[in-house]
Each structure stands twice: as C-alpha cells, then as structure tokens.
Amino acid sequence: MKNKIKFLKLVVILFFSFNTHSQVTVSVQNLQYTNNGQPTVYPSNCGNIDLASSISTSLYLSINLSKPNGQVVGLSDLRVYTQKSSSDSRIERSWIQIQESFWSTSEPSTYLTTANFSINSSDFNTSGGTLFVVFKSSGNVEYQTACSFTITKTPPPSFSLSPSTVSLGCGDTSLRTFTITPANIPSGANVTYSWNHPGWTLVSSTATSRTLQPNSTNNLPSNVTVTPSINSVTQATKTCVVSRAPFNTNTLSISGNNYVCDTGIYSINNLPSSVVIQSVTSSNNNIATVSLTGTNEILVTKVSDGIVSISATVQNTCNQIATISKENIQIGIPSNVNDAVISGSSSVCSNQYYTYTITEASHPCITTFNWDVSPNLQIISQNSNSVTVIKNPSDNQNSGYISYTIPNTNVEIRKGVWVGLPENSGLNILKIGSYDFYAGSWTTLKATYSALIYPESGNYNLTYEWIIPNSYVRNYTDTAYKDVNPRSSDQLNIGIRAWNECGCTDWFYKLFDVISAGTGGGGTGGGNVLTPAN
C-alpha cells in the first residue's frame with residue numbers, strides 16, 4: 001500500500017511539472033464582421049470591433065491552437081467570450097468541443113477551427129467592452145489569447161441640413177445659404193453630395209453649402225434637398241422644407257372717423273401697390289352699407305342709428321387673402337343720447353329767469369336741435385346745451401315741462417317743472433279707511449292737489465301745512481297725511497295749504513261731521529306724534 005501511494009505522488013508531480021513547462025497557444029488568425037448588411041470589416045489582430053449602434057453584428061473568427069506534440073490535453077473545449085469590463089462577468093458567445101485526435105501530429109501540434117455568432121449594441125455599455133478566446137483542457141487548465149479585441153460603439157455616420165425650414169414672404173427674393181454638416185464619418189472615407197433645388201438660382205457654393213436666391217417674387221420655389229454618399233454608398237436625403245409665410249397685414253389699417261352722420265370715406269393706410277382690395281363688408285347692413293369708390297376708398301352710408309364694424313378683404317400678388325377691420329364705428333346718433341338728462345330747478349317762480357342744461361347730448365352728428373316748453377312757460381334764450389325760461393304771466397297752470405328734441409330722430413328729453421304758486425282750486429282733503437268720523441277714534445286724512453299732470457311731472461315735492469282744531473293729531477313723515485282723533489262730537493273744520501319753492505296757497509277748509517257714539521274710526525295708527533287740538 002505504501003508503494004502505491006508513492007507511485008501516485010510521483011505521477012502528480014510529473015504531471016504538474018510537465019504542464020508547468022508546457023503551453024497551449026491560442027490565437028485568432030482572422031476576424032471579420034458585418035453591421036446590418038454593411039460591407040464586411042476586417043480588423044487587425046486584437047484590433048477594434050465597431051458595433052456602430054447596430055441592431056445586430058455578425059462575427060466570424062478563425063482560431064488557431066498550438067501545443068507541444070507530446071502534451072496531452074484530453075477532451076477539451078474552446079470558448080469565445082465578451083466582457084463589458086474587467087469587473088463584469090464573461091458572456092459566452094461560442095463553444096467548441098475538441099477531441100485529442102483533432103490535433104495534428106506535427107511539432108508543434110496544431111488545430112484550426114472557426115466560430116460564427118452575433119452580438120448586439122445593446123449588449124454593451126457606452127464604453128464598449130472586449131472579445132477574447134479561451135482554451136480549457138480536460139484538466140481545467142485555461143489558456144487565453146495573448147490580447148483581446150476592443151469593442152466600441154461609434155455612432156453611425158450622420159448628416160444635418162441647416163436650415164431645416166425656410167418661410168418666404170410674398171415678394172421675398174433675398175439670398176439664403178444652406179449648409180450640410182457631416183458627423184461620425186470614418187477616417188479616410190470619400191464623402192460627396194448631390195444637391196437639388198428647383199426654383200432657386202445658384203449664387204455661390206462650397207463643398208458643403210449652397211447660397212441660393214428664389215427665381216420669382218410670386219411663385220414659391222421647391223424644397224432644397226441634398227443626398228450624401230460615403231464611398232459611393234448613398235445615405236438618407238436631407239430636406240429643407242420651403243413654405244410661404246402668412247400674409248403680413250400688421251402695417252395695414254383702415255383709417256377714418258369713429259362716427260358717420262350720413263356718409264363717410266375710409267381708406268387703408270400703407271397699402272402697397274402690389275396689394276388690392278377685393279371686397280368690403282359691413283357687419284350690419286341694416287345700420288350702414290359699404291362700397292368701394294376708388295382703388296383705396298371705402299364709402300360708408302348710414303341706414304339707421306347704431307354701431308357697425310367694416311372690413312376689407314385684400315389680396316397680394318401671391319394670391320394670398322387677408323382681412324383687416326375697423327371696429328365700433330358709431331352710425332348716426334348714439335343710443336346714450338336718449339339717456340341724456342335736463343338739469344335745473346324743479347320750480348319756476350314768477351318774474352325770475354331759470355336756465356336748464358342738457359347733459360350727455362353732445363355728438364358731432366347733432367347739428368340741429370329744438371327746445372320746447374309747456375304753454376305756462378316762455379323761452380328767453382337757448383343754445384345747443386341750455387335754455388333759459390320765465391313763467392308765462394298769462395297762464396296760471398301749475399304743471400309744466402321743458403323738452404329737448406333732435407329733428408328727424410326719435411330723441412326727446414323732457415323735464416317736468418312746477419310753475420308759479422300752487423292754486424287753492426287744486427286742494428282737497430280725503431278721509432282714508434272709514435266712511436264716518438267718530439269722536440274718540442283715530443281717522444286718517446290725506447291732503448291732495450290736482451292739476452294738469454304731464455307724464456314727467458310727478459308731484460313736485462309739495463309740502464302741506466294743517467289746521468286741525470279740538471283734536472289729538474299724529475304726524476307722518478309725509479306731510480300729506482295726518483291721523484286725527486276728535487275730542488267731541490260736532491262739526492270739525494280742518495284747513496290745509498300747500499307749499500313749494502315759490503311759496504304757498506291760501507288756506508283751504510273742509511267741514512267734517514263728527515259722530516259721538518262711534519265704535520272706533522278707521523285710522524291706520526301710522527302717526528308718530530300725539531298733538532292736542534288747536
């Protein structure tokens with residue numbers, strides 16, 4: 001048993017001694033790859049494999065193995081690896097099993113094999129990675145290629161055309177320069193360009209640029225295109241899109257007054273000779289109509305009072321259409337004139353002059369006007385804004401008015417006034433809520449004044465003074481009302497007189513019968529002061 005152990009130790013020692021002095025050499029004799037159908041690339045040994053962001057890159061390797069003829073490696077395998085970085089795990093790309101009998105019997109003993117596989121750009125970091133080959137013997141001893149292929153991700157060739165868009169205004173024939181800019185072109189590559197620009201005149205050029213001018217002021221030239229080629233391989237065509245700029249009417253405007261009394265003339269400012277007016281329109285033909293009277297004149301004719309906008313449709317020599325407008329033109333007399341107010345005293349007393357003024361009735365279209373007054377007034381003087389009046393001594397009617405009208409319109413502004421002293425003939429006292437007057441009960445009385453009343457007259461703010469004998473009295477804020485409680489039955493003679501700014505009437509008396517055994521009057525109880533009888 002001891003002799004057998006000694007023999008095994010000797011074999012192990014001899015084996016490791018033999019392997020220490022023996023070596024399997026692994027080398028790549030040929031590598032070629034193709035990116036997405038592009039021409040095949042043959043990098044030098046341990047050179048660079050450029051994936052160029054390909055979706056799939058196909059590789060072909062021819063691998064040569066060499067070892068001393070007497071070295072036994074047994075059943076072994078050959079593996080092709082890629083690695084993102086030295087700290088990342090190896091990724092197996094190809095595996096080939098090798099029998100001992102595959103080796104040549106020459107010295108050194110060799111074996112030649114090939115590997116085919118694909119890798120993707122997405123398999124690697126931005127910085128790329130490496131590719132190498134490893135031979136592994138049956139005793140798990142690994143032998144690697146002396147150097148590795150570098151894997152990079154160089155972006156593919158690209159081209160950009162500047163500008164990418166051009167917008168030409170009508171009549172614009174200014175020069176434009178177009179430049180093609182290459183990127184990521186392989187070193188030593190032959191790059192050529194094919195330009196196409198119908199409707200443009202070539203002014204000057206370089207290897208990568210063209211300075212062009214539109215052939216026509218009215219017709220839009222075609223897009224500018226350029227097709228690059230790398231080593232006679234056509235690349236994607238680059239295009240500059242040429243379009244017509246919108247019709248610029250910023251410098252155009254319709255000039256004229258903001259009002260039209262009967263007719264008005266408007267024109268378009270800064271209208272070039274190359275631009276014509278096609279048509280004109282009114283926003284409301286029931287208020288005003290419009291028409292062209294010359295190459296640059298718009299006639300506006302009044303139909304009725306109101307507000308309109310007018311518009312003109314213009315066309316340039318490139319057949320582009322645009323519309324310009326003038327808004328809020330007052331046609332005739334504005335509606336706010338109907339809201340005008342005549343200001344002045346609410347009373348016209350005897351032998352005094354009173355001046356009344358019309359407000360908010362001023363407008364250029366108001367050139368004629370009429371002042372009018374009721375028969376109990378006389379006009380002393382007048383102008384467009386005011387009228388001065390005096391009481392007509394031959395007419396004693398109290399209710400009056402002052403009127404301002406505009407001929408040929410429906411505008412009439414009126415103010416009611418009180419004229420002179422109130423007359424006794426208009427006074428009366430009414431009993432409210434009860435047919436009878438009872439001693440010891442409250443009854444409501446109301447003073448009234450009747451006169452010829454115009455719709456705008458109102459009650460002229462008359463105040464009333466009372467004489468109520470032998471009674472208790474409750475007063476109201478409105479002096480036309482009194483609550484009366486007679487102290488005894490009999491006849492009750494009550495007097496009133498009316499006051500305005502001109503003075504007061506004479507006393508007016510009315511006799512009421514007071515019943516002694518009543519059950520209570522119809523007074524409202526709305527008074528606020530209890531006053532003993534006179």
Side-chain angles (χ1 to χ4, degrees), residues 161-179 195-205 209-225 239-303 306-331 364-365:
L161 179 60
S162 178
S164 59
T165 61
V166 167
S167 181
L168 295 174
C170 185
D172 184 358
T173 58
S174 58
L175 301 181
R176 297 288 197 280
T177 297
F178 302 86
T179 302
W195 292 81
N196 190 34
H197 38 74
W200 296 84
T201 298
L202 178 61
V203 177
S204 62
S205 66
S209 69
R210 293 287 187 275
T211 298
L212 308 175
Q213 184 176 28
N215 291 343
S216 170
T217 58
N218 301 330
N219 298 322
L220 188 67
S222 299
N223 295 339
V224 176
T225 65
T239 302
C240 173
V241 177
V242 179
S243 63
R244 179 65 74 196
F247 189 177
N248 184 4
T249 59
N250 290 341
T251 60
L252 305 181
S253 62
I254 298 177
S255 63
N257 289 330
N258 292 326
Y259 63 88
V260 170
C261 297
D262 295 306
T263 61
I265 296 295
Y266 293 80
S267 60
I268 300 180
N269 291 329
N270 306 313
L271 187 68
S273 59
S274 59
V275 176
V276 296
I277 303 175
Q278 275 195 335
S279 61
V280 291
T281 56
S282 166
S283 62
N284 191 336
N285 287 325
N286 293 323
I287 295 176
T289 59
V290 293
S291 60
L292 280 172
T293 61
T295 57
N296 189 24
E297 284 189 350
I298 305 170
L299 175 65
V300 178
T301 303
K302 173 187 174 181
V303 177
I307 295 176
V308 298
S309 300
I310 61 173
S311 300
T313 301
V314 294
Q315 180 179 9
N316 61 19
T317 55
C318 298
N319 296 321
Q320 290 179 290
I321 304 296
T323 300
I324 55 176
S325 302
K326 184 174 179 63
E327 308 288 338
N328 300 323
I329 301 174
Q330 174 64 54
I331 306 299
C365 295

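For N269, the side chain to side chain donor-acceptor pair (under 3.5 Å) criterion is met by S253, S255, not counting sequence neighbours. Applying the side chain to side chain donor-acceptor pair (under 3.5 Å) rule to Q330 yields no partners; only residues at least two apart in sequence or on another chain are considered. Listed by chain and residue number, C318 satisfy the disulfide (SG to SG under 2.5 Å) test with C170 (two or more places apart in sequence, or in another chain).
For the 3.5 Å distance criterion, the side chains of T211 and T177 qualify, holding a donor opposite an acceptor. A donor-acceptor contact closer than 3.5 angstrom is absent between the side chains of S209 and T179.
Counting heavy atoms from C-beta on, the side chains of I277 and V314 come closer than 4.5 Å. Side-chain atoms of N258 and N328, non-hydrogen and from C-beta on, never get closer than 4.5 Å to each other. Inter-residue side-chain proximity for P214 and P221 is flagged as met; some heavy-atom pair is nearer than 4.5 Å. Side-chain contact between I307 and I329: absent, with no pair of heavy atoms (C-beta onward) separated by less than 4.5 Å. Considering only heavy atoms from C-beta on, I321 comes within 4.5 Å of Q278 through its side chain.
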- [ ] Kindly indicate, with the supporting measurements, whether the criterion side-chain contact (heavy atoms from CB on, under 4.5 Å) is fulfilled by W200 and F178.
- [x] CA-CA 12 Å; W200 296 84; F178 302 86; 4.0 Å; yes
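Atom-to-atom distance recorded for E327:CD and I310:CD1 is 9.5 Å, nearest 0.5 angstrom. The CG atom of L271 sits 7.0 Å away from atom CD1 of I324, with the distance rounded to the nearest 0.5 Å. A distance of 4.0 Å separates CG in N196 from OG1 in T225, rounded to the nearest 0.5 Å.
The residue from N257, I331, D262 that alone fulfils the side chain to side chain contact (heavy atoms under 4.5 Å, CB included) condition with V300 is I331.
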